[in-house]
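See structure below.
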Amino acid sequence: MNIHHNPDEARFYIELEKGQAVLEYQLLPAGRTSAVDKTVDFTRTYVPAEYRGRGYAEALAKHGLNWAKKQGLKVKASCWYVRGFL
């Protein structure tokens with residue numbers, strides 16, 4: 001499974017034969033208490049209906065969380081699916 005990252009569009013995606021599976025995020029500014037702590041909010045996971053149940057969303061969620069850890073970002077998950085991995 002080849003996961004791509006498009007930082008300009010703030011999303012990770014997997015190219016499928018018919019469309020894309022995506023994990024969207026938003027980088028949030030550092031809070032008032034710390035100028036260095038940045039947060040990523042994973043906002044949406046989407047997999048086309050005909051590809052659901054094949055592990056695409058899980059792969060995207062784990063990949064995104066691993067990326068956030070490597071970047072030293074705090075994690076917030078507005079997306080219910082990603083929240084299940086926290």
Side-chain angles (χ1 to χ4, degrees):
M1 195 171 312
N2 200 6
I3 299 175
H4 305 278
H5 183 201
N6 184 335
D8 292 334
E9 294 183 7
R11 62 193 218 121
F12 295 93
Y13 64 96
I14 300 169
E15 286 291 344
L16 304 169
E17 190 174 313
K18 297 178 183 177
Q20 294 179 336
V22 298
L23 171 61
E24 297 173 350
Y25 65 88
Q26 180 179 12
L27 291 175
L28 304 175
R32 292 190 306 206
T33 58
S34 174
V36 295
D37 289 335
K38 291 187 179 176
T39 301
V40 61
D41 181 9
F42 291 103
T43 57
R44 179 175 174 257
T45 306
Y46 174 76
V47 177
E50 62 266 32
Y51 295 98
R52 292 180 187 161
R54 298 184 191 181
Y56 293 114
E58 180 178 354
L60 285 165
K62 288 181 177 179
H63 187 86
L65 291 169
N66 188 44
W67 167 82
K69 183 178 179 179
K70 287 180 181 178
Q71 299 299 313
L73 299 169
K74 289 185 176 183
V75 174
K76 177 181 174 183
S78 294
C79 172
W80 66 270
Y81 187 82
V82 176
R83 199 174 314 130
F85 290 91
L86 299 180

Is a donor on one side and an acceptor on the other found under 3.5 Å between the side chain of Arg83 and the backbone of Ser78?
yes
Let me check something: do Leu73 and Leu60 share a hydrophobic cluster, defined by ILVMFWY side-chain heavy atoms less than 4.5 Å apart, either directly or through other members?
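Yes, one cluster joins them.
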Cluster overlap Tyr46 with Phe85, hydrophobic side-chain contacts below 4.5 Å:
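Different clusters.
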Before you tell me yes or no, could you show the steps for Thr45 and Val22 under side chain to side chain contact (heavy atoms under 4.5 Å, CB included), namely the whole-Å CA-CA distance, both residues' side-chain angles and the distance that decides it to 0.1 Å?
CA-CA 6 Å; Thr45 306; Val22 298; over 6 Å; no
In terms of heavy-atom contacts, Leu23 and Gly64 come closest through CD2-CA, 4.0 Å
Closest non-hydrogen atom pair between Ala77 and Val82, with its separation
CB-CG1, 4.0 Å
Centres of the Tyr13 and His63 rings: under 6.0 Å?
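Tyr13 vs His63: aromatic centres not under 6.0 Å.
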Looking at Trp80 versus Phe42, is the centre-to-centre ring distance below 6.0 Å?
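No.
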Does either side chain, that of Gln20 or that of Arg11, offer a donor lying less than 3.5 Å from an acceptor on the other one?
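Their side chains do contain a donor-acceptor pair, which is all the 3.5 Å distance test asks for.
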Does CD in Glu17 sit with more than 12 non-hydrogen atoms of other residues, nucleotides or ligands closer than 6.0 Å?
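Not buried by this count: 12 neighbours or fewer within 6.0 Å.
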Distance (rounded to the nearest 0.5 Å) between [X] [atom1] and [Y] [atom2]:
{"X": "Leu28", "Y": "Lys76", "atom1": "CG", "atom2": "NZ", "result": "6.0 Å"}
{"X": "Thr39", "Y": "Leu27", "atom1": "OG1", "atom2": "CG", "result": "9.5 Å"}
{"X": "Thr43", "Y": "Gln26", "atom1": "OG1", "atom2": "CD", "result": "7.0 Å"}

Donor-acceptor pairs are to be reported for all side-chain atoms of residues 47-58 against protein atoms at under 3.5 Å, with residues two or more places apart or in another chain.
unit_1: Tyr51; atom_1: OH; unit_2: Lys18; atom_2: N; d: 3.1
unit_1: Arg52; atom_1: NE; unit_2: Val47; atom_2: O; d: 2.6
unit_1: Arg52; atom_1: NH2; unit_2: Val47; atom_2: O; d: 3.0
unit_1: Arg54; atom_1: NH2; unit_2: Glu50; atom_2: O; d: 3.1
unit_1: Glu58; atom_1: OE2; unit_2: Lys62; atom_2: NZ; d: 2.7

Report yes if the side chains of Ile14 and Asn2 come closer than 4.5 Å at any heavy-atom pair, otherwise no.
no
State, yes or no, whether a side-chain contact exists between Asp41 and Tyr25 at a heavy-atom distance under 4.5 Å.
no
Parallel, tilted or perpendicular, as decided by the 30° and 60° cut-offs, for the rings of Trp67 and His5
perpendicular
